[in-house]
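Remarks on the structure that follows.
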Protein chains: 4
Amino acid sequence: MAIQEVLERQYPGRRAQLKRDILSAALACFNDKGLEPTTIEDIRVRCDTSVGNIYHHFGNKDGLIAALYFCALDDQARQRTDYVKGTASAEARVAALVHAYLDWVTAEPELARFQFQARSAVAQGPNAAELADRNRQRNRQVREWLADPEQLGQLASVPMELLPSLIIGQAESYCRAWLSGRVQSPPDRFSEPLARAAWASIAACR
Amino acid sequence: MAIQEVLERQYPGRRAQLKRDILSAALACFNDKGLEPTTIEDIRVRCDTSVGNIYHHFGNKDGLIAALYFCALDDQARQRTDYVKGTASAEARVAALVHAYLDWVTAEPELARFQFQARSAVAQGPNAAELADRNRQRNRQVREWLADPEQLGQLASVPMELLPSLIIGQAESYCRAWLSGRVQSPPDRFSEPLARAAWASIAACR
Amino acid sequence: MAIQEVLERQYPGRRAQLKRDILSAALACFNDKGLEPTTIEDIRVRCDTSVGNIYHHFGNKDGLIAALYFCALDDQARQRTDYVKGTASAEARVAALVHAYLDWVTAEPELARFQFQARSAVAQGPNAAELADRNRQRNRQVREWLADPEQLGQLASVPMELLPSLIIGQAESYCRAWLSGRVQSPPDRFSEPLARAAWASIAACR
Amino acid sequence: MAIQEVLERQYPGRRAQLKRDILSAALACFNDKGLEPTTIEDIRVRCDTSVGNIYHHFGNKDGLIAALYFCALDDQARQRTDYVKGTASAEARVAALVHAYLDWVTAEPELARFQFQARSAVAQGPNAAELADRNRQRNRQVREWLADPEQLGQLASVPMELLPSLIIGQAESYCRAWLSGRVQSPPDRFSEPLARAAWASIAACR
DNA sequence: GATGAATGAGCATTCATTCAT
DNA sequence: CATGAATGAATGCTCATTCAT
C-alpha cells in the first residue's frame, strides 16, 4: 500500500517498524469508524501490540492523530515542492499546485480522507499550536511562489483572502466528493480542466 | 438571532417553543464543543429543561443532530429556490446558485458551521437514508435548472461529475475558511467575483 | 453502628438513605484497604448500587472522601461544643477539650481512623480550601474558649503555637496507638490522667 | 543537604553513590506527590537513571519505601542512643528522649515527613514483619532505659500503655504541625518546655 | 551490569438512555 | 407530560514490573 511508503519516508529504519504498524492500523481504524468512535483497543487489535505500547510511542490518542496528520501534511508538502520546481510563470505554478494536490489525493486516498476529518480535531486539540505554525509556513511559501514580478498584475487584482480558495477550492471539492463515494472518476483524471479552471477564475477576477 | 427565525419557520407556533429552545441550545453546544464531546447534559443545562424532555422530543442524540441538520438543509433549499426563480439563462442560474450559497452562509454562520461538521455523522448514522434521499432530490432539481436548451452547449461539455465542484467549490472553500476564522471578510462580499469565477471555470472546460 | 447515627444527623431523611449507605460502605472500605487502594468498584459492591449512582451523588472519589471527612469534623465539633458548655475555668475547658476528644474517638473509632489517614489527602486535594476554612474557624473558636481573663496568666505564658500540641498531643498519640492496635485499653479509660497531664504541661511551661 | 549525610552513613562508599541518588530522588518525590501518586518513572527522571536500575537495586517500589523508612528509623535510633548515654536519672532520660526526637526532626524534616506518611504503608506492606521487629526492639530498649530503680516509683504509677504517649505525644504533635506548615518555629526551639511538660505529665499521673 | 521497550491488568470516570414517580 | 435518579457498559489512560538486547 502507498501508505507504507509514506510512513517509511517519515519514520525510516527497522526499529521504527512498530511505530509504522501502529500508525497504519490507526489510519485504517479512523477511516473505518471515525475519529471519536475509534478506540485505542480497536487499534491495538489491528496491529497486535499492547495498549501500553501505543501510549509508550505516541503519548495518547491525540498524539496518534497528530502524528498521522503531520505525516500527511509533510508528504503533501514534499510533493508540492517537487511539482513547483522548474515552473517559470505564475500560470504554470498555479497549475502545479492544482496538479500536485490532485495527484497526491489520488495516490493517497486513505491519508487524504483522514486529513479531512482530522483537521478540526487537530486544530482544537493540544497540537493546535504546531498546526498553526506549519500552516503559516506553507502559506508563506505559496505566497513566495506566486509572487512572480512579470505576472504580478494578474494576481495582484485578486484579494489575498480569496486567492487560495480560487486556486484549490474546486479541486478540493471534487476530492471530497470522490473520497465520500459521490463520484467515481479519480481526481487526477480532471487535472487539466481543474488547472485551467483555476487560472480562468483568477483571470475572471480582474 | 437569525437561528431563531429559521427555527420558527421550521417549527412554528407557541407549543413548539420548547422544541426550538432545545434545538437552539444544541446548536450552540455542538459548535462550541463538537458533536461527540457535547453531552445531553450540556444541552440540558443550556436550555434549562430535563433530560427526559429532550428524549421525549427528539428520541435520542442522533435525532437531535438530524433535526438540526435537516433544518439547515431545508432553509438552504428554500433560499436557493428563491434565488433561482426568475433567472433566464444558465449563466444567471449558476450565479444564483453561488449567490444563494454565499448569502445563506453569511446569514446563518452557526447553522453552516454545524452543517459542515455534522454531514459525515448524519451520513453514517441512522438517518443516512433520509439524507441520501434529500440529496438525490436536490441534485435532480439543480440538474433541471441547468438543463437550459439554449446554452446546453456550454454545460454539456463539462463532465457531469465535475460540474457541482466547478460551481460551488470555490465558494464552499472560502466559507470554510471564514467559519474557521482563517479569513475575515464575510463570504457575501465576494459574491460577484466568485459567481464570475464559476462561470469562467465552466467556460474554461470546453 | 455508631456511624449510622452520625450519618443520620448529617444527612437526615428517608431520601438520603442511599447517600448514607454509600458513605457507610466507603468508610468501611477505606479503613479496610486504605484510601488509594480502595476502588469505586469496592464501594459499589459493598452498598449494592451502581457506579454511576455514586458519581451522581458525590461527583468523584475525592468528593466522597471529603464528604466523609467533613462529616467526622462536624460531629467532633458538635461534641466538643457540648463538652465545653458549662465550664467556668480555663482548667475545666482544657479538660473538656481532652475529654471530648477521647470520648469521640472511643465512640467513633471508624471515623477517627479514617480521619487520620484522610487528613493529608483532603489537605492536598480539591477540597483543600474548604478544609483550611473549617480549620481556621475551629481554631478561632478554641482560642476564644481559652481566653479566660482570670486564668489568662497561666495560658499567656505558653507560646500560642505550642498550646494545641500541649493540650491534645498526648491524647492524640494514644488514640493513634489504640486505632492501630498497639495498645488495648480504650482511650476514654485514660481521660482523667490525660486531662491532668495536659493541665500540668501548661503549668510546667511557665 | 542533611539527607545526603544520613544516606552516606547508611550506604557508605563510592559504589553506593547510585543507590544514594535513587533514595534521595525517591524521598523528594514521595514528599512532593505522596507515596501512591509517585511513579517509578517520576523517580527515574529525578535521578537520571533507568527503570531497570531502580528495580535492580531495590526490588520494587515497596522495597524502595522500606529502605528509606528503615534508614530514617536507624538514624533516629542512633541519635536517641547518643542522647541517652550519660544520663543518670529517669527525668534526665525522659528529657533526652524528647530532645533527641525534636532535634532529629528539626535536622531531618524531609525524612521525618516521609516517615509520618510511610508508616502505615510499611506496616501493611511486605516489610511489615521487619518493622514490627524493629519496633519491638526499640520499645524494649526504651523500657530498659526508663527502668531506673531509684525513680521507679514515679514511673511505676503510670500505665505502661500510656507512657510512650505521655513522653513523646506533645513533641510529635508539634512536629506534625511544623512539617505541615501550620506553625513556623522549628521544633527544637521548644525542647525545654516540651521536656518539662513530659516529666510534669508523668508526675501528674500519680 | 544497564537499558528502556513492551506488557496488560486495573482504575476513575463518562454518558446515552431508561423508567418510576 | 415532565422529572432526574439510576444504570452499567465502555473508554482513555496509568503504572508496576519484566526481559531481551
Side-chain angles (χ1 to χ4, degrees), chain A residues 15-19 21-22 35-45 47-65, chain B residues 15 18 22 35-45 48-65, chain C residues 15-19 21-22 33 35-45 47-65, chain D residues 15 18 22 33 35-45 48-65:
Chain A
R15 313 200 58 191
Q17 183 61 48
L18 181 63
K19 248 182 151 103
D21 287 350
I22 295 174
L35 245 49
E36 280 268 4
T38 293
T39 71
I40 297 291
E41 175 64 11
D42 290 335
I43 298 169
R44 187 197 67 75
V45 166
C47 60
D48 196 45
T49 181
S50 64
V51 202
N53 220 358
I54 297 178
Y55 281 89
H56 182 68
H57 285 293
F58 296 97
N60 57 22
K61 199 177 167 181
D62 279 323
L64 201 44
I65 293 173
Chain B
R15 311 200 58 192
L18 181 60
I22 295 173
L35 244 50
E36 280 267 4
T38 292
T39 71
I40 299 291
E41 173 67 11
D42 290 334
I43 299 169
R44 186 199 67 76
V45 166
D48 197 42
T49 181
S50 64
V51 199
N53 227 344
I54 297 177
Y55 276 87
H56 177 69
H57 284 294
F58 296 97
N60 56 23
K61 198 178 168 182
D62 279 324
L64 200 44
I65 293 173
Chain C
R15 313 201 57 190
Q17 183 60 49
L18 181 62
K19 248 183 151 99
D21 287 349
I22 295 173
K33 309 182 51 172
L35 245 48
E36 280 266 6
T38 292
T39 70
I40 298 291
E41 174 66 11
D42 290 335
I43 298 168
R44 187 198 67 77
V45 167
C47 60
D48 197 43
T49 181
S50 64
V51 202
N53 221 358
I54 297 178
Y55 280 88
H56 183 68
H57 285 294
F58 296 98
N60 57 21
K61 200 177 168 183
D62 278 324
L64 201 44
I65 293 173
Chain D
R15 312 201 57 193
L18 180 61
I22 295 173
K33 309 183 50 175
L35 245 48
E36 280 267 5
T38 293
T39 71
I40 299 291
E41 173 66 10
D42 290 335
I43 299 170
R44 187 198 67 76
V45 166
D48 196 43
T49 181
S50 65
V51 199
N53 227 346
I54 297 177
Y55 277 86
H56 177 70
H57 283 296
F58 297 97
N60 57 20
K61 197 178 170 182
D62 279 324
L64 200 45
I65 293 173

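Letters A, B, ... mirror the listed sequences (proteins, then strands); counts begin at 1.
- Residue His56(D) has its side chain nearest to dG1(E) when only dA6(F), dA2(F), dG1(E) are considered.
- Going from atom CZ of Arg44(D) over to atom OG of Ser50(D) covers 8.0 Å, rounded to the nearest 0.5 Å.
- The backbone N or O of Thr39(D) sits nowhere less than 3.5 Å from a side-chain atom of Lys33(D) that would complete a donor-acceptor pair.
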> How does DNA chain F read in dot-bracket, base by base from 5' to 3', with Watson-Crick or G-U pairs under 3.5 Å and | used when the partner is on another strand?
Replying inline: .||||||||||||||||||||

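- When rounded to the nearest whole Å, the span between CZ of Arg44(A) and P of dA10(F) equals 15 Å.
- In this structure, the separation between CD1 on Ile40(C) and CG on Leu64(C) is 6.0 Å, given to the nearest 0.5 Å.
- Between Leu18(C) and Thr49(C), some side-chain heavy-atom pair lies under the 4.5 Å cut-off.
- As rounded to whole Å, 5 Å separates atom P of dT3(E) from atom CG of Asn53(D).
- Whole-Å rounding puts the Ile54(C) CD1 to dG8(F) P distance at 12 Å.
- A straight line from NE2 of His57(B) to C1' of dC1(F) spans 9 Å, rounded to a whole angstrom.
- Along DNA chain F, the nucleotide closest to Ser50(B) and the one closest to Asp48(C) are compared, and the more 5′ of them pairs with Ser50(B).
- In this structure, His57(D) and Ile22(D) approach most closely via the heavy-atom pair CD2-CD1, 4.2 Å.
- In this structure, Lys19(A) NZ and Ile54(A) CD1 are separated by 12.5 Å, a value rounded to the nearest 0.5 Å.
- Put simply, CG on Asp21(A) and CD1 on Ile43(A) are 13.0 Å apart, with the number rounded to the nearest 0.5 Å.
- The phosphate of dA2(F) (OP1 or OP2) has no side-chain N or O of Thr49(B) nearer than 4.0 angstrom.
- Partners of Glu36(B) by salt bridge (charged side-chain N to carboxylate O under 4.0 Å, His left out), not counting sequence neighbours: none found.
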> How does protein contact run along nucleotides 11-21 of chain E, one letter per nucleotide 5' to 3', with B for base contact, S for sugar-phosphate only, - for none, heavy atoms under 4.0 Å?
Replying inline: SSBBSSBB---

